[in-house]
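Just so it is clear: chains get the letters A, B, ... in the order the sequence lines come, proteins before strands, and each one is counted from 1. Keep in mind that this is a model prediction, so the values were computed, not measured.
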Amino acid sequence: MSAISASEKVDGFTRKSVRKAVRQRVCQGSSQFAASSSRPAAPEISALPQLKDASSTEQHELFMQKLQQCCVMFDFYDTVTDLKSKETKRATLNELVDYVSTNRGVLVEPVYPEITTMVSTNIFRTLPPSENPDFDPEEDEPTLEASWPHMQLVYEFFLRFLENPDFQPSTAKRYIDQKFVLQLLELFDSEDPREREFIKTILHRIYGKFLGLRAFVRKQINNIFLRYIYETEHFNGVAELLEILGSIINGFALPLKAEHKQFLMKILIPLHTAKGLALFHAQVTHKACSIISDTLKPIVVRGLLKFWPKTCSQKEVMFLGEIEEILDVIEPTQFKKIQEPLFKQISKCVASPHFQVAERALYYWNNEYILSLIEENNAKILPIMFANLYRISKEHWNPTIVALVYNVLKTLMEMNSKLFDELTASYKCDRQREKKKEQEREELWRKLDELRLQETSAIQNNRCAPCIATLLPTDDGPFL
Amino acid sequence: KNNVNIKEIGPGMAGADSDDSLYPIAVLIDELRNEDVQLRLNSIKKLSTIALALGVERTRTELLPFLTDTIYDEDEVLLALAEQLGNFTMLVGGPEYVHCLLPPLESLATVEETVVRDKAVESLRKISHEHSPVDLEVHFEPLVKRLASGDWFTSRTSACGLFSVCYPRVSSTVKAEIRQHFRTLCSDDTPMVRRAAASKLGEFAKVLELEYVKSDIISLFTALASDEQDSVRLLAVEAGVSIATLLPQEDLEALVMPTLRQAAEDKSWRVRYMVADKFSDLQKAVGPEITKNDLVPAFQNLLKDCEAEVRAAAANKVKEFCENLPEDSRETIIMTHILPCVKELVSDTNQHVKSALASVIMGLSTILGKDNTIEHLLPLFLAQLKDECPEVRLNIISNLDCVNEVIGIRQLSQSLLPAIVELAEDAKWRVRLAIIEYMPLLAGQLGVEFFDEKLNSLCMAWLVDHVYAIREAATCNLMKLVEKFGAEWAQNTIVPKVLGMANDPNYLHRMTTLFCINALSEVCGQEITTKHMLPVVFKMSNDQVANVRFNVAKSLQKIGPVLDSNCLQTEVKPVLEKLASDQDMDVKYFAQEAISGSSTGLFMEKQCALFPLSKKCFRDTWLPKCFVQLFTKQTILLFILTPNLPAEPSCSVYHHLLNLSLGSHI
């Protein structure tokens with residue numbers, strides 16, 4: 001079924017565009033259908049009378065029957081069989097959608113289990129293996145769900161059911177329980193963006209109406225994130241789940257609960273390490289900025305600095321963007337707490353040979369608020385930034401960067417010309433001092449290595465290796 | 001403060017000079033704290049050196065507390081630290097003090113990043129063996145308990161891997177506690193912990209007493225195998241196999257089979273895939289009776305599964321499964337139950353399934369014997385040989401030897417030929433390369449006549465392939481063919497064709513002649529080499545392309561050992577001398593190399609034996625041999641680098657490398 005032919009696999013160097021051209025089928029049958037003819041044919045379903053034509057006494061009975069009818073599943077991967085039944089089911093589902101959204105008083109207690117059964121049967125399934133094992137959501141077309149013509153209507157129906165003014169959460173909670181929600185959450189891994197969009201809305205409604213499920217939902221979403229970050233690095237619905245959490249946690253009053261603090265520290269910040277960050281970065285940033293109270297901002301910044309990307313310039317640019325958004329709303333007192341580690345990193349970014357990273361970092365000086373923060377703390381920041389800026393102004397390959405650096409240096413000079421002059425004067429000395437320190441380090445390690453060699457040769461010579469501890473002068477004071 | 005000063009080593013270090021110095025911990029710790037992550041990482045990687053410098057006591061009292069306190073760092077540094085601490089027993093004073101290492105490792109085992117945690121657990125497992133039974137109960141087991149009841153899931157996940165190492169060596173009360181902790185973790189409410197527990201269940205079962213396997217493990221296994229998350233259920237499958245090996249035969253049916261049966265029919269394809277993947281192990285674990293009654297139908301279902309991934313995994317196991325069937329009923333089971341499924345898989349819609357099957361299907365012929373093979377398997381082989389997917393055809397061809405033993409290859413040869421021809425001309429060079437590698441084998445099985453008639457032209461066509469790797473493989477292939485068919489055959493069939501290429505207008509083809517001569521001279525022997533090949537080589541020494549000329553020099557050096565000394569002196573040497581005064585510096589260089597080369601050649605062979613990695617570069621004729629004279633660290637590095645250099649000789653690169661290594665050596 002995979003569209004990558006084996007010969008291409010052997011070669012291993014096919015370009016993605018070529019491979020994509022080879023892809024023919026983008027729809028996928030779900031895992032629940034046996035592929036071969038050994039499968040018993042789905043029972044044929046015949047159209048029942050229209051609900052609107054039935055008398056009000058019969059209507060309820062007919063509604064139940066139609067719900068049961070919609071539990072029959074069809075294989076959409078097979079495009080020739082059951083055409084008539086498929087069409088009947090589609091029409092019935094359409095009618096059901098209409099029925100629950102326009103009529104009042106139809107949601108009596110006995111229909112709740114029937115509706116949940118029908119929805120569960122139709123949407124809950126083990127997602128099939130991905131067609132394209134190295135699916136790149138940015139480049140590749142997603143594999144679409146084959147049975148979407150029915151599934152869409154089922155989702156639509158379920159949503160209307162939840163939104164019906166007569167809907168009673170107290171009755172429904174017996175059927176829409178933890179297990180139901182858990183299965184719903186697993187469906188966020190679907191490759192089909194249309195399906196994820198529906199589930200997002202549905203989960204949102206469930207979260208709003210079932211107070212008893214809220215903590216559970218949050219916890220399970222966290223588990224999904226943790227699995228994504230630390231185990232599989234694969235989950236298609238991260239962006240959608242973040243959006244949901246964004247709207248959920250927005251609704252919380254300050255001060256932030258411990259649970260959300262933990263979410264921030266243990267999940268949201270580590271999410272930045274994920275490979276697919278580009279896909280949900282907007283959501284992450286939005287959340288990070290919206291949920292964090294002022295006292296937490298330094299923590300977030302430190303977290304970001306910890307996970308600062310080392311090899312991925314694209315991500316570095318994203319990080320710089322996110323930091324800027326946080327700095328935009330930070331209190332000056334909080335800024336003081338992080339300025340040193342932060343500007344050490346920014347100084348590194350400014351010196352990045354990748355001009356987009358350098359450029360993004362230098363743009364900080366175009367931000368009035370950040371500029372005012374820098375000005376206020378110039379005695380601390382200037383010495384951190386100076387060496388790299390000075391060097392880059394002479395060495396960077398990209399003329400735009402050099403021009404930007406000159407401007408930044410000029411701004412810094414205007415801020416504190418005395419300090420600036422001092423730094424310029426001591427630049428050479430500082431470099432030499434650094435070099436000397438470097439040499440000392442090397443010397444230290446050389447001696448340590450020699451010591452080690454002696455030790456090992458002593459052991460090899462079958463002598464009793466002298467224990468170094470016994471060789472130490474014992475009257476030393478504590479060293480730390 | 002005087003503690004920043006360097007201290008001299010005291011008396012007692014035999015023969016130590018006074019400048020061998022120890023450094024105060026502050027300096028060393030400064031290194032571990034360096035602002036630059038890379039430097040910090042380097043220091044951590046040399047932590048053992050630092051510990052050595054400090055001595056065991058100060059490592060225990062000063063270094064380890066420091067490491068425990070400053071555990072917040074980049075994951076990469078933590079990973080290095082976790083690894084180092086696993087080998088620290090001697091550095092803290094031997095097994096007696098090994099428990100000092102537990103606090104830092106305990107913190108590392110709670111880190112979020114999986115690789116760090118796993119490494120910490122690995123190190124903990126390692127040092128657990130160095131604990132005395134008393135220390136294990138006093139220090140190690142409480143740590144496991146703390147981890148097992150930690151707040152955050154990471155510590156509980158880590159705990160799962162530690163139960164099995166301490167269980168066998170503690171008292172029975174502690175054992176009961178450990179079992180209780182494991183039970184709790186198996187029903188933890190985070191799936192991450194349940195996954196960790198499920199993956200360690202088999203290992204833990206192995207160290208438990210049989211009565212507890214029956215009373216405890218089975219219920220845990222059943223629970224995990226019916227977990228709501230398929231990622232947990234699939235891990236239970238592997239545990240099930242381990243548990244089945246531990247139980248006596250009579251208990252299997254009641255205790256594990258219901259669960260395993262359920263796993264084979266799980267609604268998640270991942271679980272079924274796992275069952276298919278572990279099927280051979282499972283089969284061995286449950287024994288012949290259950291295999292006959294339960295596993296055969298289960299296997300049939302897996303072969304017919306609706307997910308291609310599952311079918312492919314099952315198809316991979318067809319041969320192993322059939323081999324391990326009980327002998328008395330093996331043939332009947334295969335013929336009536338397995339073969340019909342296999343037949344369907346031959347025309348499966350998924351090429352991965354087909355190619356998985358093609359890689360094992362030939363193995364069935366030895367199990368089924370000649371008649372069944374001809375009647376039932378042969379049509380399948382033939383169908384797969386015509387498959388549209390090259391991987392399927394390749395897999396069949398690469399396993400021809402199995403079928404050859406049973407029915408002889410002739411049965412297949414008519415279908416084989418079109419398949420080989422098609423693969424030989426495949427657009428992908430790696431496919432062509434793969435088929436070349438099977439040529440000597442095929443030639444041996446098909447015999448010289450068939451080869452001359454059908455395959456020889458293919459082998460010659462590869463010599464002028466536009467990909468160097470194919471030409472190279474084709475050259476090597478010729479040598480192997482001559483080894484099989486003999487020098488006389490070579491003289492009549494391939495040598496004329498190879499030598500004919502010396503007049504080709506394309507210099508790459510002319511060089512191929514030289515490469516062929518290099519490969520063939522030894523197997524063809526002195527007579528053919530002197531009489532037929534040498535004149536052509538001489539003639540090519542006047543080639544207008546320098547690359548050809550210096551390859552002549554190299555060829556002459558290469559075939560030198562085959563020639564007699566008279567010929568070397570009177571014929572070869574003058575040619576080389578002429579080349580040594582060539583206007584091209586590379587030609588000159590290689591000619592001089594060839595003139596003075598014999599001694600280095602021997603040396604080279606020795607080094608090749610020492611470093612197999614370098615062998616490939618040496619066999620390729622282009623590597624200047626004097627590399628080897630400089631057998632230093634740098635040259636080893638070069639050996640590692642050279643396979644990645646461009647295959648066509650670009651001598652300046654090698655000269656440059658050579659100068660580098662010369663410079664650093666002298």
Non-hydrogen atoms of chain A under 4.5 Å away: do they reach the side chain of Glu388(B), the backbone, both or neither? neither
Which atoms of Arg117(B) approach chain A - backbone, side chain, both or neither, heavy atom under 4.5 Å: neither
Does the gap between the ring centers of Phe180(A) and Phe124(A) come in under 6.0 Å? yes
Counting heavy-atom pairs under 4.5 angstrom with chain A, the leader among Asp189(B), Val353(B), Thr59(B), Asp75(B) is Asp189(B)
Ionic contact status for Arg446(A) with Glu442(A), cut-off 4.0 Å: no
Region of Glu186(A) that comes under 4.5 Å of a non-hydrogen atom in chain B: side chain
Does any heavy atom of chain A fall under 4.5 Å from the side chain of Tyr273(B), the backbone, both, or neither of them? neither
Nearest 0.5 Å, please: how far is CG in Leu302(B) from CD in Glu265(B)? 9.0 Å
Contact origin within Glu309(B) toward chain A - heavy atom pairs under 4.5 Å: side chain
Indicate the atoms forming the closest heavy-atom contact of Thr190(B) with Asp188(B), along with that distance. OG1-OD1, 2.7 Å
Assess whether a salt bridge exists between Lys437(A) and Glu440(A), defined as any Lys/Arg side-chain N lying under 4.0 Å from an Asp/Glu carboxylate O. no
Work out which heavy atom in Thr157(B) is nearest to a heavy atom in Met192(B); give both atom names and the distance. CG2-O, 4.3 Å
Nearest heavy-atom pair of Ser155(B) and Gly150(B): which atoms, and what distance? OG-CA, 3.3 Å
Can you classify the ring geometry of Trp308(A) versus Phe319(A) as parallel (below 30°), tilted (30 to 60°) or perpendicular (above 60°)? perpendicular
With a 4.5 angstrom heavy-atom cut-off, is it the side chain or the backbone of Ser43(B) that approaches chain A, or both, or neither? both
Contacting region of Asp348(B) [heavy-atom separation from chain A under 4.5 Å]: neither
Checking Asn222(A) against chain B: side chain, backbone, both or neither under 4.5 Å from a heavy atom? neither
Using a cut-off of under 4.5 Å for heavy-atom pairs, which of Gly93(B), Ser355(B), Pro191(B) has the most such pairs with chain A? Pro191(B)
Using non-hydrogen atoms and a 4.5 Å limit, figure out which bit of Glu113(B) sits close to chain A: side chain, backbone, both or neither. both
Of all the heavy-atom pairs spanning Leu127(A) and Trp269(B), show the shortest one and how long it is. O-NE1, 2.8 Å
Can you tell me which portion of Leu182(A) sits under 4.5 Å from chain B's heavy atoms? Options are side chain, backbone, both or neither. side chain
Contact class of Ser48(B) relative to chain A, heavy atoms under 4.5 angstrom: both
